[in-house]
Protein chains: 2
Amino acid sequence: MKAVSGILLMADLASILQQHNLRKTKFRIELLQLFSETTSSLTAEEIKKRVGKTNDKVTIYRALDAFEKSGLIHKVPDKSNLTRYAMCHTNCSAHAHIDNHAHFICTECNETFCMDEIEVPKMKQHGDFQIKTSNLTLEGNCPKCI
Amino acid sequence: MKAVSGILLMADLASILQQHNLRKTKFRIELLQLFSETTSSLTAEEIKKRVGKTNDKVTIYRALDAFEKSGLIHKVPDKSNLTRYAMCHTNCSAHAHIDNHAHFICTECNETFCMDEIEVPKMKQHGDFQIKTSNLTLEGNCPKCI
DNA sequence: TAATAAACGCAACTCAGTTGCTTTAATGTG
DNA sequence: CACATTAAAGCAACTGAGTTGCGTTTATTA
């Protein structure tokens with residue numbers, strides 16, 4: 001599978017689905033593209049807004065579930081009661097640096113931003129805790145919503 | 001307020017509530033004690049089970065809300081759709097809520113731990129982004145699940 | 001192109017958390 | 001202590017994210 005450092009071609013997206021035993025439906029290709037374009041996390045509601053078609057929420061939830069089971073995306077911890085998903089950049093490419101920066105979520109417009117300049121403190125071990133992944137999430141107001 | 005590094009005496013619990021302009025009701029003293037005894041985070045459901053009395057869920061939610069506003073406890077990021085709360089072991093107040101430590105989530109047992117020693121890089125501004133809260137979440141295996 | 005199973009879509013449901021409003025009880029003052 | 005005040009408790013009804021069941025559509029494969 002190709003590195004997911006930006007927008008993927010339609011052909012790549014389709015073949016990624018195929019490689020994960022998922023059918024190449026119009027919606028799932030669109031959804032995968034959305035995730036490949038989005039450096040931070042997404043909620044089902046955000047997906048519904050961004051994907052042009054008026055898809056049923058059940059379709060979205062089942063697609064997210066299927067994508068997660070296939071290892072394409074993963075749940076992201078959140079303080080609200082919303083489930084957030086993000087693309088597995090580390091698993092899907094050799095570019096480990098991609099998820100090594102902070103993510104900013106605007107509490108007004110819910111837009112998510114990639115803070116490339118802010119690095120996440122990386123550590124593997126802390127006491128008897130074995131750390132596998134680290135996540136630095138910043139919340140507040142984006143330039144548009146101040 | 002004293003550091004809450006272990007089990008507190010009934011008198012301490014009551015005075016802590018008083019200092020935060022919260023009334024010393026039987027339930028809230030019990031709830032505060034439960035938090036002081038618990039090193040990891042708690043959900044409303046877990047609280048309902050552990051607190052002896054059959055309290056209304058609304059009472060629990062409102063107490064959690066009041067405790068959070070007073071800086072006694074804070075929300076903890078979680079991957080499920082449950083809201084988790086943990087006690088602020090550091091000095092927190094309504095004015096300056098200090099919650100700048102990392103949280104560790106065990107991917108095996110789903111238990112959440114406050115890593116008081118690991119500080120979250122604090123910043124208020126980054127470019128045109130106004131940062132209100134920062135969240136550093138670590139995932140992996142806790143000592144029990146290695 | 002027909003068979004088949006995955007994905008879609010609709011309706012109805014679950015369940016954590018919320019809101020409104022009334023009652024109870026903690027606290028402060030005389 | 002008695003009373004006034006107001007936070008907290010308690011009940012009912014609601015909200016909204018996410019789920020389940022089931023019939024229909026469509027991508028795949030033989």
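Computed from a predicted model, the values in this text were never measured in an experiment. Scope of the values below: all heavy atoms of this structure, side chains included, with no hydrogens, waters or symmetry mates. Below, chains carry the letters A, B, ... as their sequence lines are ordered, and counting in each starts from 1.
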Undergrad: Return the value, rounded to whole Å, for the distance between atom NZ of Lys26(A) and atom P of dA6(C).
TA: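 From Lys26(A) NZ to dA6(C) P: 23 Å.
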Undergrad: For dT19(D) and Tyr61(A) - does any side-chain N or O of the residue sit under 4.0 Å from the phosphate oxygens OP1/OP2?
TA: no
Undergrad: Separation of Leu17(A) atom CG from dC8(C) atom C1', in whole Å?
TA: 15 Å
Undergrad: Counting heavy atoms from C-beta on, name the nucleotide in dA7(C), dA12(D), dG9(C) closest to the side chain of Val58(B).
TA: dA12(D)
Undergrad: Can you check the Ile60(A) CD1 to dG18(D) P distance for me, whole Å?
TA: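 After rounding, the reported distance stands at 11 Å.
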Undergrad: Pick the nucleotide of DNA chain D nearest each of Glu45(A) and Arg62(A); which residue has the one closer to the 5' end?
TA: Glu45(A)
Undergrad: Ignoring hydrogens, what is the shortest heavy-atom contact between Lys79(B) and Glu139(B)? Give both atom names and the distance.
TA: NZ-OE1, 2.6 Å
Undergrad: OP1 or OP2 of dA7(C) versus the side-chain N and O atoms of Thr59(A): is any pair under 4.0 Å?
TA: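 Negative; the distance criterion is not met.
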Undergrad: Classify the nucleic acid contact of Thr43(B) as base, sugar-phosphate or nothing, counting any heavy atom under 4.0 Å across all strands shown.
TA: nothing
Undergrad: Find the distance Asn55(B):CG to dT24(C):C1' and express it as a whole number of Å.
TA: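 From Asn55(B) CG to dT24(C) C1': 13 Å.
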Undergrad: Using whole Å, what does the distance between atom C1' of nucleotide dT6(D) and atom CZ of Arg28(B) come to?
TA: 13 Å
Undergrad: Using whole Å, report how far CG of Asn21(A) lies from C1' of dA7(C).
TA: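 Going from CG in Asn21(A) over to C1' in dA7(C) covers 14 Å.
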Undergrad: Between dC8(C) atom P and Lys24(A) atom NZ, what is the distance in whole Å?
TA: 15 Å
Undergrad: Base, sugar-phosphate, or nothing for Lys57(A), non-hydrogen atoms under 4.0 angstrom?
TA: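 Base contact - Lys57(A) has a heavy atom under 4.0 Å of at least one base atom.
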Undergrad: Using only side-chain N and O atoms of Thr25(A), determine if any of them is under 4.0 Å from OP1 or OP2 of dT26(D).
TA: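 Thr25(A) to dT26(D) OP1/OP2: no side-chain N or O under 4.0 Å.
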Undergrad: Start at the 5' end of DNA chain C and walk down; is the nucleotide closest to Ala44(B) or to Arg23(B) reached first?
TA: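 Counting from the 5' end, the first nearest nucleotide belongs to Ala44(B).
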Undergrad: Quickly work out the Glu30(B) CD to dA8(D) C1' distance and round it to whole Å.
TA: 15 Å
Undergrad: Minimum heavy-atom separation for Cys142(A) and Phe104(A), please, with both atom names.
TA: N-CE2, 3.8 Å
Undergrad: Decide side chain to side chain donor-acceptor pair (under 3.5 Å) for Asn81(B) and Thr83(A); before the verdict, give the C-alpha distance in whole Å, the side-chain angles of both, and the deciding distance to 0.1 Å.
TA: CA-CA 7 Å; Asn81(B) 301 332; Thr83(A) 307; 2.6 Å; yes
Undergrad: Using a 4.0 Å heavy-atom cut-off, does Asp56(A) contact any base of the nucleic acid, only the sugar-phosphate backbone, or nothing at all?
TA: base
